[in-house]
Each structure stands twice: as structure tokens, then as C-alpha cells.
Number of protein chains: 2
Amino acid sequence: MVKMDGAVAPLQSDSPEPLWLQAAKAISREISAGKLAPGSRLPPERDLIDRLAISRVTLRRALQSLVSSGVLVSSHGRGWYVAMEAHQEFPQTLESFSETAARLGLKASSDVLRAEEASATLDQAEELSIAPGSKLFHLVRIRKLDGVPVAIDSSYFPALSELKLSTADFTTASLFRIMSDAGIELSRAESTIEAQGADTTTAKHLGIEAGMPILTMYQLIEDIAGRPLISSTIRYAGDRYRLRTSFSRLSKAGV
Amino acid sequence: MVKMDGAVAPLQSDSPEPLWLQAAKAISREISAGKLAPGSRLPPERDLIDRLAISRVTLRRALQSLVSSGVLVSSHGRGWYVAMEAHQEFPQTLESFSETAARLGLKASSDVLRAEEASATLDQAEELSIAPGSKLFHLVRIRKLDGVPVAIDSSYFPALSELKLSTADFTTASLFRIMSDAGIELSRAESTIEAQGADTTTAKHLGIEAGMPILTMYQLIEDIAGRPLISSTIRYAGDRYRLRTSFSRLSKAGV
DNA sequence: AAGTGGTCTAGACCACCCC
DNA sequence: GGGTGGTCTAGACCACTTA
């Protein structure tokens with residue numbers, strides 16, 4: 001017995017994608033195309049299910065996913081509205097520099113201060129679980145948003161040949177992308193975050209005064225197997241950057 | 001016609017809380033109580049719907065909310081499993097003040113600067129999705145480690161009667177614990193983190209100079225249903241505190 | 001082949017908003 | 001009262017896992 005195959009259904013039931021996802025994308029497309037402006041109301045659910053030829057439960061799943069993406073908001077008794085662009089949902093993971101730039105609609109770029117190989121010190125070797133004296137690649141960049149210096153990113157990692165580091169242009173390239181292209185799957189990072197005063201070198205590079213607040217984030221980034229691969233320290237000018245993240249809390253209710 | 005009223009149903013259909021939320025809490029409680037260990041399999045969905053006397057759709061909505069909280073994971077064709085400790089602990093769990101104190105072997109305490117009710121402003125009402133003028137409880141504390149002031153925690157939340165706020169001693173009590181005791185399950189928090197210079201008031205309370213680096217963490221803490229419950233801003237003296245977190249860089253990203 | 005999660009449907013009733 | 005979103009149900013079929 002055929003159940004959901006409705007004659008000239010706009011959505012394909014034999015597609016590999018779930019119907020609710022297709023519906024969500026269809027609605028999202030209409031918004032991106034400008035047919036539905038921010039703040040405007042969507043047709044009632046009971047109209048949409050006819051147009052899309054899906055059930056109300058399925059439609060609501062699609063709408064809910066768009067709420068999670070910050071595209072739509074609902075108002076009980078009034079209707080569904082396209083979200084104002086101001087309020088976007090927080091990212092599920094700590095937002096990277098490039099991702100923040102994309103969200104703000106700004107152009108990310110870098111000045112490369114250092115990009116060269118060096119031998120691992122004892123501390124670095126222990127940190128990355130490699131042999132002392134192994135070849136490390138040091139990368140120090142001033143990171144900019146629309147040309148304004150925002151942070152200094154100082155990282156080092158094993159100088160693996162498959163990374164093709166000699167040909168990489170770090171003024172635009174993403175380290176995560178280079179790793180990914182080399183088949184290295186970065187998975188987790190352990191971080192510490194603190195506020196410090198800017199030292200004179202940092203202050204000069206960022207164009208601020210010494211002693212001004214700096215947000216320092218140290219990260220040890222691991223692959224799927226838990227092997228540490230990158231040690232990264234990023235110093236953000238306090239008045240030019242803000243980290244955003246979401247995290248879950250267990251019912252433990254910490255002390 | 002009575003539809004969902006099933007004789008001796010474990011869940012109350014006349015409760016103000018949605019059935020799926022009650023179901024999620026019930027399952028969450030079983031896990032917290034140790035009846036379901038990390039890594040163990042839950043009963044099949046078709047068993048659970050009998051025990052809870054709810055429909056499968058409703059049960060699955062509950063299970064899904066527990067996935068978002070990192071409590072459960074599903075495996076197609078195999079079953080539902082309680083998330084492993086590692087997964088529970090790691091996904092974006094920031095270390096709380098009390099947890100840091102415990103790790104360092106220091107004694108956490110608080111000076112209460114403010115603990116009183118007030119009416120919600122328009123901004124606060126919007127932030128917490130409540131009516132303007134609703135009763136809010138304001139709690140401002142100087143948080144100390146071994147008697148040394150480390151941060152100023154300024155929070156507000158609806159002054160619910162079940163919290164028994166008039167009898168709470170906030171010099172030692174934990175807000176999370178009070179919420180938990182009142183049956184409120186805090187689940188997720190969205191936060192922004194930035195470095196700022198200390199204003200004169202903050203500086204005085206922390207015993208530092210104005211302009212010194214301050215780590216400011218703003219959090220909007222939600223319950224398991226995604227309802228915002230607590231707005232919290234914590235200002236840490238930059239040289240006395242360090243946040244630690246670990247996060248994953250998986251890019252699942254539905255839609 | 002049996003068991004289990006994943007998706008989908010059609011219909012019902014409730015809560016809220018606005019006229 | 002009529003329209004709209006919010007919740008819930010009972011049942012069906014599909015996809016994956018395991019034996």
C-alpha cells in the first residue's frame with residue numbers, strides 16, 4: 001500500500017534524504033532567495049503541509065531544525081517568523097577564528113611572522129608525545145578581520161611530509177584545512193583560557209598598549225586516536241574578540 | 001473520548017509539564033541513581049512506551065532531548081545506550097568554580113553582596129523568556145578560594161517558590177544544587193567569554209587595580225527543555241583564575 | 001529472521017493570540 | 001470564535017544489526 005506518495009509531491013520520497021530535511025532545506029532556500037524576508041510570517045503549518053505534501057509532524061520536525069539553526073522562530077497562536085539576522089544560535093563547538101569571521105560577514109586574513117622548521121625541545125616533545133629533537137613546524141600569525149589585527153596565533157606541530165608545508169600560503173590557508181587535506185582527522189582539543197595583560201611585543205603587533213587585557217587561549221589539539229598533534233596559543237585583543245561556546249551540564253550539579 | 005489517560009500511568013497527563021519532558025527526566029533520574037550505568041543498554045523503545053504509558057513519538061522526543069544533553073546515544077538496529085563517562089565529561093563541559101577549587105584542594109566560599117527579589121526589566125524578561133515585571137532573584141557573590149577573592153558572580157533567575165530562597169545560605173550553598181533539589185534539571189549553557197579591564201567597583205571587590213585584566217564569562221543556562229533559567233555573569237581576576245575546557249570539532253551539522 | 005531504531009502519516013485535542 | 005502553534009496518539013513501513 002502506498003502511503004505518502006502524493007501525485008505531484010514537491011518532495012521526493014525516494015530520495016536518500018529524510019523528508020523533513022528536504023522540507024527544511026526547501027524552506028531555507030526560500031528564505032535565502034529573499035522570498036521570505038527576515039521578520040515576515042510563514043504560511044500556516046496546515047497550508048505548508050499541503051504545498052509540501054508532507055504530514056504536520058514531519059513539517060514541524062523541519063521547522064524545529066530551522067529553529068536550531070537560528071533561521072526561524074515560532075510564536076504560539078500567531079505563527080512562524082523568519083528570524084531577525086541579529087540573533088543567531090550559538091555554535092555547538094568552540095568557534096574558530098575563521099568561523100567567527102564568516103558569521104560576522106568579515107574577511108579573515110593573516111600576516112605570517114614565522115613559518116619554519118625547528119627541533120623539538122624537551123617540553124615540546126613531552127607535550128606532543130614525540131621524541132626530543134624531532135622536526136617541528138612553527139607557525140606564528142597575526143590574524144586579522146577586515147585588515148584589523150585581532151589576535152596572534154602561535155602554533156607548532158610535527159613537520160609531517162604529507163602536509164606539504166613548503167607550498168602552503170598561510171596568509172590565507174587554514175591549518176585545519178591543510179591537516180584535513182592530508183587525511184588527518186582532528187577531533188578534540190583541551191583548552192585553558194585566561195585573561196592577561198599584553199606584553200610589549202604582543203601589544204605592538206596588535207596595535208594596542210602594553211598592559212591592556214588579552215584573552216589567551218591555549219589548546220592542545222588531538223586526533224581521533226587521542227594523539228596530540230598541535231599545540232596552539234592564541235592571544236586575542238580583549239576589546240576585539242569574544243569567544244562563544246555552548247556546553248552541556250550533567251545532572252551532577254557540581255558541589 | 002479519553003485518549004491518553006492510561007489507568008495507573010507512571011506519568012501525569014494533567015501536569016503542567018509536557019509528557020516528553022517528564023519522560024526525559026524520569027530516564028535521566030534512573031541514570032543518575034545508578035540504575036543505568038554508563039555504556040549499558042536501555043530497554044527497547046517498545047518496552048519503554050508501555051512502562052511509561054506514552055506513545056513512541058513522545059518517547060523518542062524525550063530520548064532525543066537526552067541525546068542533546070549528552071546523556072544518551074543511539075545505535076541504529078542495536079539500541080539506546082547511556083553515554084560513556086568520557087563522552088559525558090568531555091563535550092564542552094567547562095569547569096565550574098567549585099570543581100576547580102576541589103581540583104586544587106582549596107576551599108571555596110562566598111561573600112554575598114546581594115540576595116534579593118526584584119522585578120524583571122524588559123531586557124531581562126526577553127533574555128529569560130518570561131513576562132516583564134515577573135519576580136527575579138538577584139544574587140551577587142564574591143567568590144573566594146581559601147579566603148582570597150577570585151571572582152564576582154552576578155546572576156539572576158525567576159524567584160520560584162520551590163527554590164526556598166529565603167532560607168538558603170549563599171555563603172556556602174551552590175545555586176546548581178538548590179536548583180537540583182527543587183527538581184530543576186539544568187542541562188545546557190550558552191556562553192560568551194572575553195577579556196576586559198576591571199572597572200573601579202570590580203577592582204575594589206577583588207582587591208586589584210582598575211584596568212587590570214578580567215576574564216568575563218556570561219552564561220545563559222537552560223533546563224533540559226531548552227528554557228533559559230539563569231543569567232549569569234562571572235568576572236574573574238585575570239591573574240587568579242584560568243578556565244579549562246575540552247571540546248570536540250565534529251562537524252555533524254544537520255541542515 | 002527477529003529485534004531494534006529511524007521516518008512518516010492522519011487525526012485529535014489543547015493553549016494562545018487576535019478580532 | 002476562528003486561526004495558529006504545541007502536544008500527543010496509534011499504527012505503518014523502512015534500514016540496520018545480530019544471530
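In what follows, chains are A, B, ... by sequence order, proteins preceding strands, each numbered from 1. Given the structure is predicted, the values throughout are model-derived calculations rather than measurements.
Stacking annotation: His76(B) is not stacked on the base of dG6(C) (requires ring centroids less than 5.5 angstrom apart and an interplanar angle below 30 degrees).
In this structure, Leu48(B) atom CG and dC8(D) atom C1' are separated by 17 Å, rounded to whole Å. Remark: P of dG5(C) and CG of Leu66(B) are 14 Å apart, rounded to the nearest angstrom. Computed from coordinates, the Gln64(A) CD to dT7(D) C1' distance equals 12 Å when rounded to whole Å. Following rounding to the nearest Å, Leu42(B) (CG) and dT4(C) (C1') show an atom-to-atom distance of 13 Å. Following rounding to the nearest Å, Arg60(A) (CZ) and dC8(D) (C1') show an atom-to-atom distance of 11 Å. Rounded to whole Å, atom P of dA12(D) lies 20 Å from atom CG of Leu19(A). Atom CG of Leu63(A) and atom P of dC8(C) are 14 Å apart (whole Å). The interatomic distance linking Ile54(B) (CD1) with dG6(D) (C1') rounds to 16 Å, in whole Å.
Here the nucleotide nearest the side chain of Trp80(A), chosen from dC8(D), dT4(D), dG5(D), is dG5(D).
A pairwise comparison of heavy atoms in Leu72(B) and Val82(B) identifies CD2-CA, 3.9 Å as the closest pair. When all heavy atoms of Phe170(B) and Arg141(B) are compared, the closest pair comes out as O-CD, 3.6 Å.
Ser74(A) has no side-chain polar atom (N or O) that falls below the 4.0 Å cut-off from OP1 or OP2 of dT4(D). Within the structure, a side-chain polar atom (N or O) of Arg78(B) is placed less than 4.0 Å from OP1 or OP2 of dT18(D). A close approach under 4.0 Å does occur between a side-chain nitrogen or oxygen of Thr58(A) and OP1 or OP2 of dT9(C).
Comparing Val57(A) and Ser75(A) by the nucleotide of DNA chain C that holds the closest heavy atom to each, the one mapping nearer the 5' end is Val57(A). For the pair Arg56(B) and Gly77(A), nearest-nucleotide mapping onto DNA chain D gives the more 5' position to Gly77(A).
Below the 3.5 angstrom threshold, one finds a donor paired with an acceptor across the side chain of Arg46(A) and the base of dG5(D).
Counting non-hydrogen atoms under 4.0 angstrom, Arg61(A) reaches the backbone sugars and phosphates but no base.
Taking the six-membered ring for Trp and thresholds of 30 and 60 degrees, Tyr236(A) and Tyr241(A) have nearly parallel ring planes, at less than 30 degrees apart.
Trp20(A) and Gln64(A) share no side-chain donor-acceptor pair at under 3.5 Å.
In this structure, the side chains of Leu42(B) and Ile27(B) come closer than 4.5 Å at one or more pairs of heavy atoms.
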